[in-house]
There are 2 protein chains.
Amino acid sequence: MAAMARAATTSDAFNAIAEPQRRDILALLRAGERPVSDLAEELGMSQPGASKHLRVLREVGLVRVRGAGKQRLYGLDARGLRPVHEWVGGFERFWNESFDRLDTYVQDLKRTRQEE
Amino acid sequence: MAAMARAATTSDAFNAIAEPQRRDILALLRAGERPVSDLAEELGMSQPGASKHLRVLREVGLVRVRGAGKQRLYGLDARGLRPVHEWVGGFERFWNESFDRLDTYVQDLKRTRQEE
DNA sequence: TTGCCATATACCGATATGGGAATATGATGG
DNA sequence: CCATCATATTCCCATATCGGTATATGGCAA
């Protein structure tokens, strides 16, 4: 056993939403449950493509499935996004702060130049 | 030119924070600027490892660098996290709602069983 | 059962990634 | 200029990931 390389991924919400298409799927599902082919068509992806992304989302618990006739309806289960929201929220005061700093920095620059 | 495979990544904040170690770096930087080796040691990663993750973070604009003597101080620039927070926030009402649904679902189940 | 529709899997190719080790680049002090 | 400390880059390996195509599986209807 040697290198192991690349840490495990696609196993948590952070990774699941790193994929733009998966974000699109989640966004669409806010409107309600949808069968796979519907999602595929609406998002312009192949049926297998949709299925695969849905699998990832299911494995991390962001969607649930339910059989309905020969279709399978996928529905949103957004609870897994809460920890993400909280983690990112932990930086809220910093992105405002960063703005301020940049602002004063830029203003300082301007002032300095005018004074020259 | 044929397949293209795998969409571009490590080019936006969503991907940058998909890596646990990079999240750790960002979290640490909330306490203030830090030189590379400091981060590496504190987080138990190699110096090249730290440098590489910092590069990604720099490329997506989540950190800024500043030379200080022979060191390079990395500082947080959290502004890029704002869109992420907003995107995830767009699901806030759904993760509460999901809870409710599950709740009523579970209660329905219980009731049904009792009635049998 | 047989066929048909909807979805899931398997397989493949191209490439992105993360980690380790070695090395290059940069800045500083003497 | 030289030696040294701090950091960045390069190479290499193993593997994860995405997309496409082909195929398997599941459910339903006649």
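All values below come from the heavy atoms of this structure, side chains included, with hydrogens, waters and symmetry mates left out. As the structure is a prediction and not an experimental result, all values here were calculated from the model. Just so it is clear: chains get the letters A, B, ... in the order the sequence lines come, proteins before strands, and each one is counted from 1.
Between W87(B) and F14(B), the ring-plane angle classifies as perpendicular under the 30° and 60° cut-offs.
Interatomic distance, L73(A) CG to L29(A) CG, rounded to the nearest 0.5 Å: 10.5 Å. Residue H53(B) holds its NE2 atom at 6.0 Å from CZ of R22(B), rounded to the nearest 0.5 Å. Distance CG/D38(A) to CD/Q71(A): 7.5 Å, rounded to 0.5 Å.
Atom CG in D24(B) sits about 14 Å away from atom P in dG18(C), given to the nearest Å. Taking atom CE of residue M45(B) and atom P of nucleotide dG18(C), one finds them 12 Å apart after rounding to whole Å. R58(A) has its CZ atom 13 Å from the P atom of dT7(C), to the nearest Å. One atom, CG of L54(B), and another, P of dG19(C), lie 13 Å apart when rounded to the nearest Å. Distance K52(A) NZ to dC11(C) P: 12 Å, rounded to the nearest Å. Distance CG (L73(A)) to C1' (dA6(C)): 11 Å, rounded to an integer number of Å. In this structure, L57(B) atom CG and dA8(D) atom C1' are separated by 15 Å, rounded to whole Å. Protein atom CG of D12(B) is 14 Å distant from nucleotide atom C1' of dA16(C), rounded to whole Å.
Between R23(B) and I17(B) the shortest heavy-atom distance is NH1-O, 2.6 Å.
Within 4.0 Å (heavy atoms only), G69(B) reaches sugar-phosphate atoms of the nucleic acid but no base atom.
If you find the closest nucleotide of DNA chain D to Q71(B) and to P48(B), the one lying nearer the 5' end belongs to Q71(B).
Side-chain N/O atoms of R55(B) include none lying less than 4.0 angstrom from OP1 or OP2 on dT7(D). Contact annotation: R72(A) does not reach the phosphate of dG26(D) (side-chain N/O to OP1 or OP2, under 4.0 Å). The phosphate of dA8(D) (OP1 or OP2) has a side-chain N or O of Y74(B) nearer than 4.0 angstrom. For Q47(A), no side-chain nitrogen or oxygen approaches OP1 or OP2 of dG20(D) to under 4.0 Å.
Applying the 3.5 Å distance criterion, the base of dG29(C) shares no donor-acceptor pair with the side chain of K70(B).
Residue E42(B) is tested with L28(B), I25(B), D24(B) for a side chain to side chain contact (heavy atoms under 4.5 Å, CB included); the sole match is L28(B).
Non-hydrogen atoms lying under 4.0 Å from DNA chain D are contributed by P35(B), V36(B), S37(B), all within residues 35-44 of chain B.
Figure legend: cation-pi geometry between R30(B) and F91(A), with NZ or CZ positioned under 6.0 Å from the six-membered ring centre and within 45° of its axis.
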